[in-house]
Amino acid sequence: QVQLVESGGGLVQAGGSLRLSCAASGRTFSTYDIGWFRQAPGKERDFVAAVTEKGRNIYYADYADSVKGRFTISRDNFRNSVYLQMNSLKPEDTAVYYCAAGLGLRSKVRAVEYDYWGQGTQVTVSS
């Protein structure tokens, strides 16, 4: 079992940066795929980025307001942590950001595939 705690959210102006952290408990953290999702008020929870258990493969969302090129996911298995560096933030990036963990996921972008979730951290980008 894995417990996840996100941190690093806050209020930032458009064009600014934030670094989110996802700290995990459990000795088997390095066996889990980790994903970041976000949910804006009144909207569904959307995939943002994911990294496989050893960090060999990384995935980013590819939708209209894409994060690719602005966000970077990374992990440090020695520190049981995954990070989401967010640059050039836009007001439409405002949401609660969640990290999630799952084993051997066939699909990294579907929230239902993940078994464990953190409580989320609020990111607010002002214009």
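Basis for what follows: all heavy atoms, side chains included, without hydrogens, waters or symmetry-related copies. Throughout, residue positions are numbered sequentially from 1 according to the sequence presented.
The 12-atom threshold is not exceeded at CD of Gln3, counting heavy atoms of other residues, nucleotides or ligands nearer than 6.0 Å.
Two residues are said to be in side-chain contact when any heavy atoms from C-beta on lie closer than 4.5 Å; Lys108 and Thr52 meet this criterion.
Note that the CD atom of Glu6 and the SG atom of Cys22 stand 5.5 Å from one another [nearest 0.5 Å]. Rounding to the nearest 0.5 angstrom, the gap separating the OG atom in Ser25 from the CD atom in Gln1 is 8.0 Å. Note: Phe71 CZ to Asn87 CG = 8.5 Å, rounded to the nearest 0.5 Å. We find the CZ-CD distance between Arg38 and Glu44 to be 13.5 Å, quoted to the nearest 0.5 Å.
Note on Leu84: it does not cluster hydrophobically with Val96, by side-chain heavy-atom contacts below 4.5 Å among ILVMFWY residues. Both Val2 and Val51 are assigned to one and the same hydrophobic cluster, defined by single-linkage of ILVMFWY side chains at heavy-atom distances under 4.5 Å. By the criterion of side-chain heavy atoms lying less than 4.5 angstrom apart, applied directly or through intervening Ile, Leu, Val, Met, Phe, Trp or Tyr residues, Val48 is grouped together with Tyr32 in one hydrophobic cluster. Val109 and Tyr60 fall into different hydrophobic clusters, where Ile, Leu, Val, Met, Phe, Trp and Tyr are joined by side-chain heavy atoms under 4.5 Å apart, directly or via other members. Linking Ile, Leu, Val, Met, Phe, Trp and Tyr residues whenever their side-chain heavy atoms come within less than 4.5 Å leaves Val5 and Trp117 in two separate clusters.
For residues 51-61, no pair satisfies salt bridge (charged side-chain N to carboxylate O under 4.0 Å, His left out), with sequence neighbours left out.
Under the rule for a side-chain contact (heavy atoms from CB on, under 4.5 Å), Arg106 has no partner lying at least two apart in sequence or in another chain. For the side-chain contact (heavy atoms from CB on, under 4.5 Å) test, residues two or more places apart in sequence or in another chain that qualify with Ser7 are Ser21. Remark: Val123 engages Leu18, Leu20, Met86, Tyr97, Val125 in a side-chain contact (heavy atoms from CB on, under 4.5 Å) (not counting sequence neighbours). With sequence neighbours excluded, no residue forms a ring pair (Phe, Tyr, Trp, His ring centres under 6.0 Å) with Tyr98.
Taking 4.0 Å as the cut-off between side-chain N and carboxylate O, Asp62 and Lys68 do not count as a salt-bridged pair.
The shortest non-hydrogen separation linking Ser88 to Ser17 is N-OG, 4.3 Å. Taking all atoms of both residues into account, the shortest heavy-atom contact from Ala95 to Ala40 is CB-N, 3.8 Å. Of all heavy-atom pairs between Pro91 and Ala14, the closest is CD-CB, 4.1 Å.
Aromatic ring centres of Phe47 and Trp36: separated by at least 6.0 Å.
Geometrically, Arg75 engages Phe29 in a cation-pi contact defined by less than 6.0 Å to the ring centre and at most 45° from the axis.
Its side chain outside the 4.5 Å cluster rule for every partner, Phe78 clusters with none of the Ile, Leu, Val, Met, Phe, Trp and Tyr residues.
A donor-acceptor pair under 3.5 Å is absent between the side-chain atoms of Thr72 and the main chain of Gln85, judged by distance alone. A donor-acceptor distance shorter than 3.5 angstrom exists from the side chain of Asp33 to the backbone of Leu105, with no hydrogens or angles considered. In terms of modelled atom types and a separation under 3.5 Å, the side chain of Thr124 and the main chain of Leu11 share no donor-acceptor contact. A side-chain donor-acceptor contact under 3.5 Å links Ser81 to the backbone of Arg79.
Among Leu4, Asp76, Ile73, the one residue that satisfies the side-chain contact (heavy atoms from CB on, under 4.5 Å) test with Val82 is Ile73.
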